[in-house]
Number of protein chains: 2
Amino acid sequence: MRLAVEAAASIIDAEGVRAVTTRRIAAEIGYVPGTLYTHFRNLDEIFVYVNALTLKDLRLRCGSAVAGAGDANEALLALGAAYLAYAQEHPNRFELLLRRHLNENEAVPEFVQQNVDQLIALVEAQLRRLEPDADAATMENRVRALWSGIHGTSALALPRQVFTNRWQSDQSILETLIERFLTAGARDV
Amino acid sequence: MRLAVEAAASIIDAEGVRAVTTRRIAAEIGYVPGTLYTHFRNLDEIFVYVNALTLKDLRLRCGSAVAGAGDANEALLALGAAYLAYAQEHPNRFELLLRRHLNENEAVPEFVQQNVDQLIALVEAQLRRLEPDADAATMENRVRALWSGIHGTSALALPRQVFTNRWQSDQSILETLIERFLTAGARDV
DNA sequence: TTCTTTATTAAACGATGTTCAATACTGCCC
DNA sequence: GGGCAGTATTGAACATCGTTTAATAAAGAA
């Protein structure tokens with residue numbers, strides 16, 4: 001039921017994850033709570049679908065950012081900025097992405113994993129331009145490292161958590177991080 | 001009521017945040033749910049105290065790691081490793097740190113903010129050794145950037161979330177990130 | 001002891017996620 | 001069209017949750 005997922009997503013955006021209840025979703029789409037359980041195992045599964053939606057949005061924004069940039073350095077800075085901007089504009093949705101609702105030993109569903117992989121592939125494509133000859137393991141390592149930095153900056157930019165950045169611009173912090181990462185790479189080559 | 005906070009922390013460690021209920025905490029310390037409300041405004045406030053505990057533990061571990069290291073580069077690598085190890089060993093507690101339970105415009109309580117500041121100060125002290133003449137704003141920016149990377153790697157290392165790292169060692173990713181950050185700095189000087 | 005103040009309790013309230021038997025609906029065969 | 005199989009939806013119920021509050025127990029001072 002796409003309607004239920006979209007309703008959940010819009011409630012999250014507007015009022016936060018805690019405002020999402022089965023009765024609220026059902027009311028929003030003209031159903032009754034029990035109906036949701038014929039389409040989803042439980043409320044957590046709806047959240048997984050919302051996360052898939054979020055990842056797709058995030059990936060599309062990062063993709064546009066990369067497409068509009070020149071060289072690889074510029075593209076990665078733009079990608080990071082888009083990632084951060086998304087987190088800042090949709091803090092509730094981004095927060096849901098950080099939650100851990102999977103059961104022990106439960107794999108990430110493929111329709112979610114695909115979006116994650118594509119997101120990371122965007123970073124890889126640009127880094128590859130800078131280091132065309134790196135072997136797969138090295139490249140994977142560097143992609144993950146850079147992405148961790150981008151992700152960490154974005155996570156820390158979320159308001160209303162214990163980690164708050166009160167003085168500095170998150171954007172400038174992110175730029176420092178990415179530029180340093182790329183500078184170190186350029187030196188090796 | 002320290003007992004309540006410690007009980008909540010141990011439930012979180014053992015069974016996750018969702019297992020924490022007022023009735024469970026009360027039973028654990030030989031009280032009744034209502035009693036908690038004479039010491040805390042609500043359950044969220046108990047979580048804030050748990051976060052303060054977590055931050056203290058994390059800071060102490062990072063402090064020990066720095067103390068046992070030689071030069072600043074080594075110290076920062078050890079600090080990052082300690083940060084990551086804590087997240088991996090206490091994923092549920094670390095996850096709670098990422099949550100956003102503060103109300104709009106509500107400031108972080110000082111007893112929490114202090115722990116955050118001290119944690120960041122550990123990073124700053126080591127970075128300062130590398131760049132003794134940097135002005136305050138520049139230093140703050142670099143500290144935040146490096147810390148964002150460490151934090152991001154640790155957050156992504158948590159299991160049971162949509163972002164899972166299936167192939168690579170989180171430790172090696174973190175080392176790449178920190179080494180590149182420091183290499184770029186060394187080049188500037 | 002008696003009074004005052006504080007700490008604790010038991011019970012209740014509304015709301016939550018989830019289940020399930022009963023009902024409505026739909027499309028198909030005769 | 002009429003009846004039927006299968007699916008979709010409902011309403012009501014269950015246990016449990018966070019939180020409140022009037023009543024009770026405990027403790028300390030006079």
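Residue numbers begin at 1 in each chain, while the letters A, B, ... track the order of the sequences. What you see below is based on every heavy atom in this structure, not just the backbone, and it leaves out hydrogens, waters and symmetry mates. All values derive from a computational prediction rather than experimental measurement.
Residues from residues 30-42 of chain B placing a heavy atom under 4.0 Å of any atom in DNA chain C, listed by number, are B:Tyr31, B:Val32, B:Gly34, B:Thr35, B:Thr38, B:His39. Contacts with DNA chain C (heavy atom under 4.0 Å) in residues 100-108 of chain A: none are found.
Ring orientation note: the planes of B:Tyr49 and B:Phe111 are close to parallel, at an angle under 30° on the 30°/60° scale.
Spacing between atom CE of A:Met1 and atom C1' of D:dT9 amounts to 10 Å, rounded to whole angstrom units. Between the CZ atom of B:Arg18 and the C1' atom of D:dT16 there is a distance of 14 Å, rounded to whole Å. Whole-Å rounding puts the A:Arg23 CZ to C:dT18 C1' distance at 9 Å. Atoms CD (B:Glu45) and P (D:dG18) sit 15 Å apart, rounded to a whole Å. The distance between atom CG of A:Leu43 and atom P of C:dA15, rounded to the nearest whole Å, is 18 Å. Distance CZ (A:Arg24) to C1' (C:dT18): 20 Å, rounded to an integer number of Å.
A donor-acceptor pair under 3.5 Å links the side-chain atoms of B:Glu95 to the main chain of A:Arg100, judged by distance alone.
Under a 4.0 Å N-O distance rule, the pair B:Glu106/B:Arg41 qualifies as a salt bridge. For the pair A:Asp133 and A:Arg128, the salt-bridge criterion is not met [side-chain N within less than 4.0 Å of a carboxylate O].
Between atom CD1 of residue A:Ile150 and atom OG of residue B:Ser148 there is a gap of 11.5 Å, rounded to the nearest 0.5 Å.
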Cut-off 3.5 Å, no hydrogens considered: what does the side-chain donor-acceptor table look like for residues 64-81 of chain A, sequence neighbours left out?
unit_1	atom_1	unit_2	atom_2	d
A:Ser64	OG	A:Leu60	O	3.0
A:Asp71	OD1	A:Glu74	N	2.9
A:Glu74	OE2	A:Gly70	N	3.3

Q: Would you please test A:Tyr37 and A:Thr22 for side-chain contact (heavy atoms from CB on, under 4.5 Å) and show each step?
A: CA-CA 9 Å; A:Tyr37 289 83; A:Thr22 54; 3.6 Å; yes
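For B:Arg24, the CZ atom counts as densely surrounded, since its 6.0 Å shell holds more than 12 non-hydrogen atoms of other residues, nucleotides or ligands.
Among the heavy atoms of the strands lying under 4.0 Å from A:Thr22 is at least one base atom, whether or not backbone atoms are also near.
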